Protein chains: 2
Amino acid sequence: MSDIKFTDRRTGSNPLFLRDEEIREGVELLFYAYRDHVSDPDNILRKQGFGRAHHRVIHFVGRNPNINVAELLKILRITKQSLGRVLKQLVDEDIINQRVSTEDRRQRLLTLTDKGEELERILSEPQRQRFARAYREAGPEAVAGFRKVLEGLINEDERRAILDKITRS
Amino acid sequence: MSDIKFTDRRTGSNPLFLRDEEIREGVELLFYAYRDHVSDPDNILRKQGFGRAHHRVIHFVGRNPNINVAELLKILRITKQSLGRVLKQLVDEDIINQRVSTEDRRQRLLTLTDKGEELERILSEPQRQRFARAYREAGPEAVAGFRKVLEGLINEDERRAILDKITRS
DNA sequence: TAATATACGTCAACATGTCTGACATAAAAT
DNA sequence: ATTTTATGTCAGACATGTTGACGTATATTA
């Protein structure tokens, strides 16, 4: 501990930046950012009788049109029984459409209905605004760093596949 | 910056980097990173009969020794009845210690017991490792950007207070 | 000092989202 | 023809959250 205490931990310019304190602050920042980030759609959905589970389904079906149930389960890491209830509600409410795959007629492919697309837009709007603000305030280089670290936080064995999926568009 | 369409969106060097796609990818990355990040302690705790709620309490009491109940509720954004159940278990299991504040004898100040400190260490270890790996791979500048963006994602009206608390040490 | 407000605990009832386990069906793969 | 896969569903349980109501000790204020 010679002159380390004089380096600014927050700039990350300290070669010992991997120290506990730096990391703990990252963990906490992530908690608060995520808490606020998900609170937006949570509040909207509660008024409609849906919850966070519904939002995740809407989000990932929106992002992955024609996804099948098994793949959706893998992403969400829940059981099919859990998904079943939520999915049934969304289908009943005409948010999500199920249709039989032509290639494999066992599979049910999921898409958002028009109503679902609309709801998705409403739900993601405040999140996009929040990100837009954060990105704007932080600047392009910070955004690049943000993405880089997030990628590194993802499980190594799935990272490649996830990144391919996300940036496939 | 005339030929914007040739800039690489992912480097953030594009002045139009706020576009939907860029933001959408950020939202997704955040989801996956957070999902994996919280899965570590989740798995450990399940074996001990605790859940994610217990982890959050352990974490924030650990980070805020002598926090009182009202403040903890504000952080967690749950009701005192919800907290009550979890807290009672943690006190019964000698993970958390409650004592009456000398300044205001209505308040119960919460701290981790030695056993609680030990458990906290076990729980946060894989998270710290995950962060250490991600930070190492991404480099100091990326880490600075990561933090900057996360800060921007936090609700504006609470940001200052949260940052003060996190970096107060 | 008396009245009120605050911090906390607790009981009850209920909603949601998750789980495990078991079983059924249709379709694909062997 | 048999087995495996993708999905759905029923039943029962648990974890975590909610509202609402009430009690108690202590602090604050009129």
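Letters A, B, ... mirror the listed sequences (proteins, then strands); counts begin at 1. Just so you know, these numbers come straight off a predicted model, no measurement behind them.
Ion pair A:Glu137/B:Arg159 flagged as a salt bridge, since at least one NZ, NE, NH1 or NH2 atom sits closer than 4.0 Å to an Asp/Glu carboxylate oxygen. Under 4.0 Å is where a charged nitrogen must lie from a carboxylate oxygen, and between A:Arg77 and A:Glu158 at least one such pair does. Of the charged side-chain nitrogens involved, none lies within less than 4.0 Å of a carboxylate oxygen, so that B:Glu117 and B:Arg121 do not count as a salt-bridged pair. Between A:Glu71 and A:Lys74, none of the side-chain N atoms (NZ, or NE/NH1/NH2) sits under 4.0 Å from a carboxylate O, so this pair counts as no salt bridge.
Here the range on DNA chain D touched by chain B, meaning any atom under 4.0 Å from one of its heavy atoms, is D:dT16 to D:dA27. Using a 4.0 Å cutoff to heavy atoms of chain A, the contacted part of DNA chain C runs 5' to 3' from C:dG17 to C:dA28.
Residues A:Gly49 and B:Asp104 each lie close to DNA chain C; by heavy-atom proximity, the contact nearer the 5' end of the strand is made by B:Asp104. With DNA chain D read from its 5' end, the first of the two nearest nucleotides for B:Glu103 and B:Gly51 is the one closest to B:Gly51.
Put simply, the side chain of A:Arg46 never gets that close to the backbone of A:Gly51: no donor and acceptor are under 3.5 Å apart. Of the possible donor and acceptor atoms, none in the side chain of B:Thr111 sits under 3.5 Å from a partner among the backbone N and O of B:Asn66. Panel note: side chain B:Thr113, backbone B:Gly116; a donor-acceptor pair is recorded below 3.5 Å. The backbone N or O of A:Leu153 lies less than 3.5 Å from a partner atom in the side chain of B:Arg130, making a donor-acceptor pair.
Of all the residues in residues 72-99 of chain A, A:Arg77, A:Ile78, A:Thr79, A:Gln81, A:Ser82, A:Arg85 reach under 4.0 Å from DNA chain C with at least one non-hydrogen atom. Residues of residues 29-46 of chain B having a heavy atom closer than 4.0 Å to DNA chain D: none are found.
Taking 4.5 Å as the limit, some side-chain heavy atom of B:Leu90 sits within range of a side-chain heavy atom of B:His54.
Side chain to side chain, A:Arg35 and B:Asn155 fail the donor-acceptor criterion of an N or O pair below 3.5 Å. Between A:Gln129 and A:Glu125, the side chains place a donor N or O and an acceptor N or O closer than 3.5 Å (distance only, hydrogens not considered).
Checked against the 6.0 Å centroid criterion, the rings of A:Phe31 and B:Tyr34 do not qualify as a close aromatic pair.
Between A:Phe146 and A:Tyr135, the ring planes lie perpendicular to each other; the angle is over 60°, past the 30° to 60° tilted range.
For A:His59, the ring-ring contact (aromatic ring centres under 6.0 Å, His included) test picks out no residue, with sequence neighbours left out.
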- Item | salt bridge (Lys or Arg N to Asp or Glu O under 4.0 Å) evaluation trace for A:Asp94 with A:Lys115 | CA-CA 7 Å; A:Asp94 192 32; A:Lys115 194 175 159 193; 5.4 Å; no

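In this structure, the helix from C:dT1-D:dA30 to C:dT30-D:dA1 shows an angle of 30° between the axis at its start and the axis at its end, each fitted on 5 base pairs and rounded to 10°.
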